[in-house]
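Just so you know, these numbers come straight off a predicted model, no measurement behind them. Protein chains get the first letters and strands the later ones, always in sequence-line order, with residue 1 at the start of each.
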Amino acid sequence: MRKQNTNYLCILLISLFFAIAETKAESSYQIVTHPDVNEASISKNYLRAIFSMRLRTWPNGLIIKVFVLPDDNPLHHSFSKEQLSLFPYQLRQSWDRLVFSGTGQAPTTVSSNEEMHAKIKNTPGAIGYIETSYIDDEIHVLQIK
Amino acid sequence: MYSRLNSRPFFFLLGLLFNATAIMLVFILWAYSPFVKAQEKTDGSNVENKNSASSAWSTAKDLLDNLQIQGFASQAFIATSDNDVFGNTDEGGGFGFTELGLNALLRPLPRLQLSGQMLSRRAGKDNNGTPRLDFAFFDYRLYSHETNQFGIRFGRLKNPFGFYNDTRDVPFTRPSILLPQSIYFDRTRNVGLSADSIQFYGETSDAQWGDLTIQFGITRPIVDDRDTEISLLGSALTGGLSPDVSLIGRGLYETPNKRFRFAVSGVWFNADYKPGANDPITVSPGSIQFSPIYISAQYNTERWSLTSEYALRKFRYSNFDFARLDSQDFYGESFYFQGEYRFNHKWEALIRYDVLYTNRSDRDGSEFAAASITGTPAHSRFAKDLTVGLRWNITPRIMARLEYHRINGTAWLAPLDNPDPLDTSKNWNLFAAQLSFRF
């Protein structure tokens, strides 16, 4: 009986941990674009197509430029899992398949939130994700439906 | 470890790619400027207006922004108990397996991509490291609406079959140092690798159902290397193979989270034989038809990737007017089961069981051996390979690998490296280590 209680406690603690992690992660970053991308919101499927590098242009004709943080960056992990429902290794594998078969391009990797901000601000058609504290008027926040 | 690495092909490769890129850039710059102006008109508000003085510069800059260059270099050590794999490996091992690649992707227009890749591969007698053009093609998106795309590719293209063929020479994209040889033979690799083709592709994506990608190509296969000729015709015939119109297609379905991936691919390969003057036997200009079908499935979780592929390969030789060749009408069969486990983002383990039957109605090769005049052993007609491996992602750019193969049979051994089938051993082991770098 006591063992069972301990088990339940463990499950509870683990779920609690995930719940906390979830809410924390959800509020800590946003998907952002260059202001010229005239989209207020896009669907999750559309977002996944963009980050899978299968789409080349925005509806207004601008070339889509995708920016990501390095594969081992914690924010990159949260973003891929929560927004795309993909593990970082799956993204890397699909980008490698495109690049080394010549049928697509890979996203540009930036090293930090600062660099992400600079790239999003200065590159027409840019899309990326950034910690909420870096958001200002120079970049546009994209809502996911 | 690098002391025996031959650096000459690398520099040659580098030089070639830079030349090709430079020519491509000049051409694109010339062709690009009218398009930029056209784009400015249509997209008016979105693209910054450029005054004429700075337009040449900004055109060049835009182009560079749309150019990606990447490459890789990889060196392996292979040791075998018996039989030779990529060099003389059964006397203490060797550093005979080197892979180098350089790749450029340019998107001069939103709908157009130009792609090129040079490869140098040093692996046994058939691959001496001479750089070759792996692919170079135009990809034009004819239709794109939301998540549905349709386009056309033209040039030398990778042959789309199975999960791995498109990127089989890039160590980072492979599950192991050696791909499962039952499906991705290295002995007839140049046939399978790439071909001059026109390819149509379509992609559609549904939030609930997932993604479907279909590729279909009309190709002219590359069949003129000696290893391929020996593999398909034996070493006695000295004439040459020439390509005939061939077809290739693949449909790939993935659930939205890529948890499940399924693919069906098919090839209809045709080549003609032109008899050589020194052929020891008289044969007519015959033809070879090779039509394999591949079924691939994968299941992915955060830690596990379980993969299996099956191939049924039909061979048909006709019009040689030589009974031993014309009677070659059989099905080969291949399959493997593979598990990859990720301990964390640095360490991965692999286990795989891979089986090849040259002729599925003579799986143990006994009928073949009984009929063989030269006494070719039965074990040359099958191969069962149990592999375990370890991958260490030292950094996102550097990877090290170790693997061990326990092999029964020699069906996928390269004949150029093992010219005498009587000299091969049925049961053998292979150990391999590899260090790979990408940029």
Side-chain angles (χ1 to χ4, degrees), chain A residues 34-38 42-50 52-65 70-74 76-77 80-81 84-109 119 122-126 145, chain B residues 39 42-43 45-48 65-66 68 70 72 101 103 105 107 109-111 113-117 134-137 139 141 144-147 149 153 157-158 160 163 166-167 169-170 172-173 201 203 205-208 211 213 215 256-259 300-302 305 342 345-346 348 393 395-396:
Chain A
H34 185 272
D36 280 353
V37 176
N38 290 320
I42 60 173
S43 70
K44 186 173 169 174
N45 198 38
Y46 201 90
L47 184 75
R48 190 152 45 203
I50 289 174
S52 300
M53 304 301 284
R54 286 184 284 115
L55 297 190
R56 294 184 184 173
T57 52
W58 292 104
N60 66 14
L62 269 184
I63 295 186
I64 301 176
K65 300 275 189 171
D71 285 8
D72 51 2
N73 183 290
H76 177 68
H77 278 238
S80 7
K81 285 199 226 170
L84 309 176
S85 308
L86 292 170
F87 302 114
Y89 81 87
Q90 293 177 299
L91 278 173
R92 180 52 65 190
Q93 283 179 357
S94 51
W95 298 335
D96 281 349
R97 278 195 291 270
L98 293 175
V99 165
F100 291 107
S101 64
T103 54
Q105 290 194 339
T108 307
T109 305
K119 291 287 188 193
N122 296 322
T123 317
K145 285 182 276 203
Chain B
Q39 253 235 299
T42 48
D43 300 338
S45 59
N46 300 318
V47 183
E48 280 173 40
D65 283 347
N66 295 318
Q68 287 188 356
Q70 44 263 308
F72 58 89
N103 161 308
L105 310 168
R107 204 166 280 175
L109 302 168
R111 283 169 179 273
Q113 177 163 319
L114 308 181
S115 307
Q117 181 161 287
D134 189 36
F135 60 73
F137 62 90
D139 177 335
R141 211 34 79 91
S144 176
H145 180 70
E146 294 194 343
T147 54
Q149 338 284 330
R153 299 183 179 123
L157 278 151
K158 300 300 286 184
F163 280 147
D166 315 29
T167 59
D169 288 320
V170 187
F172 290 87
T173 68
Y201 67 95
E203 297 171 351
S205 172
D206 179 88
Q208 199 184 344
D211 306 338
T213 307
Q215 286 161 274
N257 48 17
K258 295 190 199 290
R259 198 57 54 96
N300 292 302
T301 70
E302 184 154 25
S305 289
R342 283 167 284 275
H345 68 271
K346 292 241 183 244
E348 294 169 29
N393 299 311
T395 75

K.L.:
Quick one: closest heavy-atom pair of Asn300(B) and Gln90(A), and the distance?
P.N.:
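Looking at all heavy atoms of both residues, the closest pair is CB-NE2, 3.6 Å.
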K.L.:
Let me know if Gln149(B) has heavy atoms under 4.5 Å from chain A in its side chain, its backbone, both or neither.
P.N.:
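Gln149(B) touches chain A through side-chain heavy atoms alone.
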K.L.:
Which bit of Ser94(A) is near chain B, if near means a heavy-atom gap under 4.5 Å: side chain, backbone, both or neither?
P.N.:
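For Ser94(A), the contact with chain B is made by the side chain alone.
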K.L.:
With a 4.5 angstrom heavy-atom cut-off, could you sort out which part of Arg259(B) is near chain A: side chain, backbone, both or neither?
P.N.:
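When you check distances to chain A, atoms from both the backbone and side chain of Arg259(B) fall under 4.5 Å.
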K.L.:
Could you check whether Asp211(B) pairs with Arg54(A) (Lys NZ or Arg NE/NH1/NH2 to Asp/Glu carboxylate O, under 4.0 Å)?
P.N.:
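Judged by the 4.0 Å cut-off on N to carboxylate O distance, Asp211(B) and Arg54(A) do form a salt bridge.
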K.L.:
Pick out which of Glu302(B), Arg342(B), Glu348(B) makes a side chain to side chain donor-acceptor pair (under 3.5 Å) with Tyr89(A).
P.N.:
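Among the candidates, only Arg342(B) passes.
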K.L.:
Only pairs of heavy atoms separated by less than 4.5 Å count here; which of Leu84(A), Asp72(A), Ile42(A), Thr103(A) has the most with chain B?
P.N.:
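Going by pairs under 4.5 Å, I would pick Thr103(A).
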K.L.:
Do you know the tightest heavy-atom contact between Thr147(B) and Ala49(A)?
P.N.:
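That would be CG2-CB, 3.6 Å.
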K.L.:
Please check this pair: side chain of Gln68(B) against backbone of Ala106(A), looking for a donor-acceptor N/O pair closer than 3.5 Å.
P.N.:
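Yes; judged by distance alone, with no hydrogens or angles, the pair exists.
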K.L.:
Is chain A contacted by the side chain of Pro396(B), its backbone, both, or neither, given a heavy-atom distance below 4.5 Å?
P.N.:
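Answer is side chain: those atoms of Pro396(B) sit under 4.5 Å from chain A.
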K.L.:
Drop me the distance from Gln215(B)'s CD to Ser101(A)'s OG, to the nearest 0.5 angstrom.
P.N.:
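Those atoms lie 7.5 Å apart.
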K.L.:
Please state whether the side chain, the backbone, both or neither of Thr301(B) comes within less than 4.5 Å of a heavy atom of chain A.
P.N.:
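For Thr301(B), backbone heavy atoms alone lie under 4.5 Å from chain A.
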K.L.:
Which bit of Asp96(A) comes within less than 4.5 Å of chain B, counting heavy atoms only: side chain, backbone, both or neither?
P.N.:
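Interface part for Asp96(A): both.
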K.L.:
Picking from Val99(A), Asp71(A), Leu86(A), Thr57(A), which has the most non-hydrogen pairs under 4.5 angstrom with chain B?
P.N.:
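Of Val99(A), Asp71(A), Leu86(A), Thr57(A), Val99(A) has the most heavy-atom pairs under 4.5 Å with chain B.
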K.L.:
Is there a side-chain contact between Ser144(B) and Arg56(A) in this structure, where contact means two heavy atoms from C-beta onward sitting under 4.5 Å apart?
P.N.:
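The answer is no, as the side chains (C-beta and beyond) never meet within the 4.5 Å cut-off.
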K.L.:
Which bit of Glu203(B) comes within less than 4.5 Å of chain A, counting heavy atoms only: side chain, backbone, both or neither?
P.N.:
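Only the side chain of Glu203(B) comes within 4.5 Å of chain A.
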K.L.:
Mind checking ring-ring contact (aromatic ring centres under 6.0 Å, His included) for Phe137(B) and listing every partner two or more places apart, or none if nothing turns up?
P.N.:
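With sequence neighbours excluded, Phe137(B) shows a ring-ring contact (aromatic ring centres under 6.0 Å, His included) to Phe135(B), given in chain and number order.
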K.L.:
Regarding Asn45(A) and Ser205(B), do their side chains bring together a donor and an acceptor under 3.5 Å, going by distance alone?
P.N.:
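Their side chains do contain a donor-acceptor pair, which is all the 3.5 Å distance test asks for.
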K.L.:
Tell me which of these, Arg153(B), Gln70(B), Lys346(B), Arg111(B), has more heavy-atom pairs under 4.5 Å with chain A than the rest.
P.N.:
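Of Arg153(B), Gln70(B), Lys346(B), Arg111(B), Arg153(B) has the most heavy-atom pairs under 4.5 Å with chain A.
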K.L.:
Do the two ring centres, one from Phe100(A) and one from Phe172(B), sit under 6.0 Å apart?
P.N.:
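No - the distance between ring centres of Phe100(A) and Phe172(B) does not fall below the 6.0 Å cut-off.
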K.L.:
Taking every non-hydrogen pair under 4.5 Å, which of Thr213(B), Thr173(B), Val170(B), Leu157(B) racks up the most with chain A?
P.N.:
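If we count pairs closer than 4.5 Å to chain A, Val170(B) comes out on top.
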K.L.:
In terms of heavy-atom pairs under 4.5 Å, which option from Gly125(A), Pro70(A), Gly104(A) contacts chain B the most?
P.N.:
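Most pairs with chain B among the choices: Gly104(A).
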K.L.:
Given heavy-atom pairs under 4.5 angstrom as the criterion, report whether the side chain, backbone, both or neither of Arg97(A) touches chain B.
P.N.:
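Backbone plus side chain of Arg97(A), per the 4.5 Å heavy-atom cut-off to chain B.
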K.L.:
So which of Val37(A), Leu55(A), Ile50(A) has the biggest tally of heavy-atom pairs under 4.5 Å with chain B?
P.N.:
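So the answer, after comparing Val37(A), Leu55(A), Ile50(A), is Leu55(A).
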K.L.:
For Tyr46(A), is it the side chain, the backbone, both or neither that has a heavy atom under 4.5 Å from a heavy atom of chain B?
P.N.:
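Backbone plus side chain of Tyr46(A), per the 4.5 Å heavy-atom cut-off to chain B.
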K.L.:
How would you list, by chain and number, every residue that makes a side chain to side chain donor-acceptor pair (under 3.5 Å) with Asp166(B), sequence neighbours excluded?
P.N.:
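For Asp166(B), the residues satisfying side chain to side chain donor-acceptor pair (under 3.5 Å) (neighbours in sequence not counted) are Arg250(B).
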K.L.:
If you compare all heavy atoms of Gly61(A) against all heavy atoms of Pro110(B), which two are closest, and at what distance to 0.1 Å?
P.N.:
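That would be O-CG, 4.0 Å.
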K.L.:
If you round to the nearest 0.5 Å, how far is NE2 of His345(B) from NE2 of His77(A)?
P.N.:
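That separation rounds to 6.5 Å.
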K.L.:
If every non-hydrogen atom of Ser115(B) is compared with every non-hydrogen atom of Gly102(A), which pair is closest and at what distance?
P.N.:
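Shortest heavy-atom contact: OG-O, 2.6 Å.
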